[in-house]
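Everything on this sheet refers to the single structure shown next.
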There are 2 protein chains.
Amino acid sequence: MPETPRRTDRLPGTRYGSRPTMKDVAARAGVGLKTVSRVVNGEPGVTAETERRVQEAIEALGFRRNDSARVLRKGRTASIGLVLEDLADPFYGPLSRAVEEVARAHGALLINGSSAEDADREQELVLALCARRVDGLVVIPAGDDHRYLEPELKAGVATVFVDRPAGKIDADVVVSDNYGGARDGVAHLIAHGHRRIGFIGDMPRIHTAAERLRGYRTAMADAGIPVADSWMSLGVTDPERVRRAAEGMLSGPDPVTAIFTGNNRVTVTVIRVLAEHARRVALVGFDDIELADLLQPGVTVVAQDAAALGRTAAERLFRQLDGTLLRPERIELPTRLITRGSGELPPAD
Amino acid sequence: MPETPRRTDRLPGTRYGSRPTMKDVAARAGVGLKTVSRVVNGEPGVTAETERRVQEAIEALGFRRNDSARVLRKGRTASIGLVLEDLADPFYGPLSRAVEEVARAHGALLINGSSAEDADREQELVLALCARRVDGLVVIPAGDDHRYLEPELKAGVATVFVDRPAGKIDADVVVSDNYGGARDGVAHLIAHGHRRIGFIGDMPRIHTAAERLRGYRTAMADAGIPVADSWMSLGVTDPERVRRAAEGMLSGPDPVTAIFTGNNRVTVTVIRVLAEHARRVALVGFDDIELADLLQPGVTVVAQDAAALGRTAAERLFRQLDGTLLRPERIELPTRLITRGSGELPPAD
DNA sequence: CCCGAGCCTGACAACGTTGTCCAGGCTCTA
DNA sequence: TAGAGCCTGGACAACGTTGTCAGGCTCGGG
């Protein structure tokens, strides 16, 4: 009896009628279920003629293997999760793309989500990905406590943290040399004669922001320059806050002659402020930004390689899955100072 | 007999030992399987005391529901797929983020992949997403024939095409007014006295590129200006090709006095070329670019709202899933001319 | 004291696929 | 011509979850 009406308890939401299954294909081709499975998976042991009949039935019915069932059976999903702060941030685009390319090379799909810099949302996302049984996770953490991941790690979910370290668990980490990069950037300003140098960065609870501030402090200390509290401003990176911070440093009795900005968003806002400003103020920014070379003056930056961060992390992830990787490690990628003019302006008192 | 060694044919790759299941939780809590299910899903009909015992067992074992099995049973995955050209392109970041936000509001996860402007890769990705049984698809098409999607549409996979229309199938489409935007941008140059205006765009097989070229031609025709072949250049948007095209238009016996660029990547490269150029050349670009206002002169652009494209598409997708949407439709979002200086330069002959 | 209503709870099948295992038919050789 | 061995194909169970359904319990009313 072909074409029997199966399906007993379908959801009402399912429209059109549901998808054909291997059973349907088998019935139509007049073969057994397992034979269809063999054809679909390219396994050996099927006559050319039988294979043709099966292919024909697949074509005719529009059959597509149901990966949920497959995953349930096999245990691996061939997909990895990526949790980052904001997909729309130009820094994360290339990183995300790099992760995707590595995943693709390993035959895996990428599922991603934005945490919006919210620890709860990060956890929610990560656990949702685990419930889908992703094979691995690349996480740019928003929170600083990742003990909630312990059962997942034990269960064998490969995990790599990028851009910022994991909190309170032992895991692979790939970061840029935030401390060293900031230190070199500030030293560059000092080398060009600046002493009153401002620092505007992200919220101090964010690891990268703290590290870059540490780099700033070290460079200043190394040069024997005492730092005034009014020279440092940490907080959210929305344009309003940053603008106020920059204007504060540039006015008053003891204005800065140079500013070091803690990330791409801050840099962009500060460039705007400086453009409206009469006095020439030197600027070095963390993170490269597009068109930085075409501004007047060109913007000197400490560039990190977002694509390399993503690639390195993803490659480690798949090595964890291979089993070729045993101990968690911390990898630090170097930054690169790109001089374009803004950092070489002399102090204008 | 508790702690019996289950698992017969596990993959060798699975490390540590596999995850606990509802069965394990049930055994530990001393309740039935279904009771665990009820607790996990917050269904009514469980005593506070029983619930407490189950929660305790879940906690102790680090249980996490397996969504593959759930999907297999329920038919819906609560995830949607997004296929775009390149995650690293600044235009797609906000679009992607907007889709994600709408998905999140509907409790769905986002799976995405880059087609790299390759029709085969697009198809491969889309079908992989369908095999995972995503509830819906948002596609920025690379190819121009989407008949391969017909079985999926019939099976009820909600689908919306964004930025470019679908090929050879009837589906929802959300696009910008590429034709009108380009026409207005070029008319703006004409209004400022230009007659010899160049057009540099993407490959003509890409729908947006063709539409923008059509807008250019219309504006020129409306002004009664005959267009020389040497004023138009279509092709890949890599910097080398664009640079040659721009330099070609700017030299020779009859150089252009203004250039209209067909997308953000082209615009950036042309800005670089013009910066090296002695003569002032007017420029209007399609797509807004960051820092465009800070260049000298500021870059006049025809801006499209990438986030609105993504949001609109995703909202339509979920309305399809609700069943509140019946007929496929084509939605066109307006563009906006933002004048900043480069488009208002007079012709310098 | 008995019976029915109502509430909890658990046994069971089904979702679609893949791994295991066996049967039947074939070829090849002695 | 018989037996061994190979190749093809199919029956069946299992993956982990959820919907159905029925059983057992308590409680209140007659």
Side-chain angles (χ1 to χ4, degrees), chain A residues 4-14 18-27 29-54 57-58 61 63-78 130-133 155, chain B residues 4-12 14 18-27 29-54 58 61 63-78 130-133 155:
Chain A
T4 59
R6 295 168 307 99
R7 299 288 144 50
T8 51
D9 57 0
R10 266 281 148 200
L11 293 195
T14 314
S18 320
R19 311 211 55 146
T21 72
M22 285 193 178
K23 209 154 146 191
D24 302 322
V25 174
V31 302
L33 188 55
K34 181 65 206 192
T35 301
V36 176
S37 172
R38 273 193 269 262
V39 170
V40 168
N41 293 296
E43 286 170 29
V46 181
T47 336
E49 162 59 13
T50 307
E51 168 154 8
R52 196 192 50 72
R53 284 220 314 284
V54 172
I58 288 177
L61 295 174
F63 168 79
R64 200 86 62 202
R65 181 177 61 196
N66 184 332
D67 270 354
S68 293
R70 171 170 228 252
V71 161
L72 182 57
R73 191 63 235 263
K74 303 200 67 150
R76 281 288 165 94
T77 57
C130 289
R132 308 237 158 170
R133 295 295 186 267
Chain B
T4 59
R6 295 167 307 99
R7 298 291 144 48
T8 52
D9 57 359
R10 266 283 146 197
L11 294 194
T14 314
S18 321
R19 310 210 56 144
T21 72
M22 285 192 178
K23 210 156 147 189
D24 301 322
V25 174
V31 301
L33 187 54
K34 181 64 205 193
T35 301
V36 176
S37 171
R38 272 192 270 261
V39 170
V40 168
N41 294 294
E43 285 170 31
V46 181
T47 336
E49 162 60 12
T50 309
E51 168 154 8
R52 196 192 51 70
R53 284 219 315 283
V54 172
I58 288 178
L61 296 174
F63 167 80
R64 199 87 60 203
R65 181 176 62 196
N66 184 331
D67 271 352
S68 293
R70 171 168 227 253
V71 162
L72 181 57
R73 192 64 235 262
K74 304 200 65 149
R76 282 289 165 93
T77 56
C130 289
R132 310 240 155 166
R133 295 295 186 268

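Quick note on labels: first sequence line is chain A, next is B, and so on, each numbered from 1. What you see is a predicted model, and the numbers here were worked out from it, not measured in a lab.
- Side-chain to base pairing of A:Arg38 with D:dG10: one donor and one acceptor N or O lie within less than 3.5 Å of each other.
- Per the geometry, CG belonging to A:Asn41 stands 16 Å off C1' belonging to D:dG9, to the nearest Å.
- The CZ atom of A:Arg133 sits 12 Å away from the C1' atom of D:dC15 (whole-angstrom rounding).
- Between B:Lys74 and the phosphate of D:dG19, there is a side-chain N or O to OP1/OP2 separation shorter than 4.0 Å.
- With distances taken from any side-chain atom of A:Lys34 to the nucleotides D:dG9, C:dG16, C:dG19, the minimum falls on C:dG19.
- Protein atom CG of A:Leu33 is 12 Å distant from nucleotide atom P of C:dC15, rounded to whole Å.
- Computed from coordinates, the A:Asn66 CG to D:dT17 C1' distance equals 14 Å when rounded to whole Å.
- Residue A:Leu33 holds its CG atom at 10.0 Å from CG of A:Asp24, rounded to the nearest 0.5 Å.
- Heavy atoms of B:Ser37 sit under 4.0 angstrom from at least one base atom.
- The shortest distance between the side-chain N/O atoms of B:Thr21 and the OP1/OP2 oxygens of D:dC15 is not below 4.0 Å.
- Scanning both residues, A:Arg64 and A:Arg19, for their nearest heavy atoms gives CB-NH2, 3.8 Å.
- Among the nucleotides C:dG16, C:dG19, C:dA13, the one closest to the side chain of A:Leu72 is C:dG16.
- For A:Arg70, taking side-chain heavy atoms from C-beta onward, the closest of the listed nucleotides D:dT17, D:dG9, C:dT17 is C:dT17.
- Note: CZ (A:Phe63) to C1' (C:dT17) measures 9 Å, nearest angstrom.
- Put simply, CD on A:Glu43 is 12 Å from C1' on C:dT20, counting in whole angstrom units.
- In this structure, the separation between CD on A:Glu51 and CD1 on A:Ile58 is 9.0 Å, given to the nearest 0.5 Å.
- Within the 4.0 angstrom heavy-atom criterion, no nucleotide atom of any strand lies near A:Asp67.
- Put simply, A:Ser68 has no side-chain N or O that comes within less than 4.0 Å of OP1 or OP2 on C:dC15.
- In this structure, A:Leu72 CG and B:Asn66 CG are separated by 6.0 Å, a value rounded to the nearest 0.5 Å.
- Picking from D:dG16, C:dT9, D:dC15 the nucleotide with the shortest atom distance to the side chain of B:Ala69 gives D:dG16.
- One finds the CZ atom of B:Arg70 at 13.0 Å from the CZ atom of B:Arg76 (value rounded to the nearest 0.5 Å).
- With the nearest nucleotide of DNA chain C identified for both B:Thr50 and A:Arg65, B:Thr50 has the one nearer the 5' end.
- Of the candidates C:dT9, D:dG9, C:dG19, the closest approach to any side-chain atom of A:Thr35 belongs to D:dG9.
- Contacts of B:Val31 with the nucleic acid, taken as non-hydrogen atoms under 4.0 Å apart, involve only primed sugar atoms and P, OP1 or OP2.
- Between the CZ atom of A:Arg53 and the C1' atom of D:dG10 there is a distance of 14 Å, rounded to whole Å.
- The A:Val46 side chain lies nearest to D:dG9 when the options are C:dG10, D:dG9, D:dG16.
- Considering all non-hydrogen atoms of both residues, A:Val71 and B:Ser68 come closest at CG1-OG, 3.1 Å.
- The CE atom of B:Met22 sits 16 Å away from the C1' atom of C:dC12 (whole-angstrom rounding).
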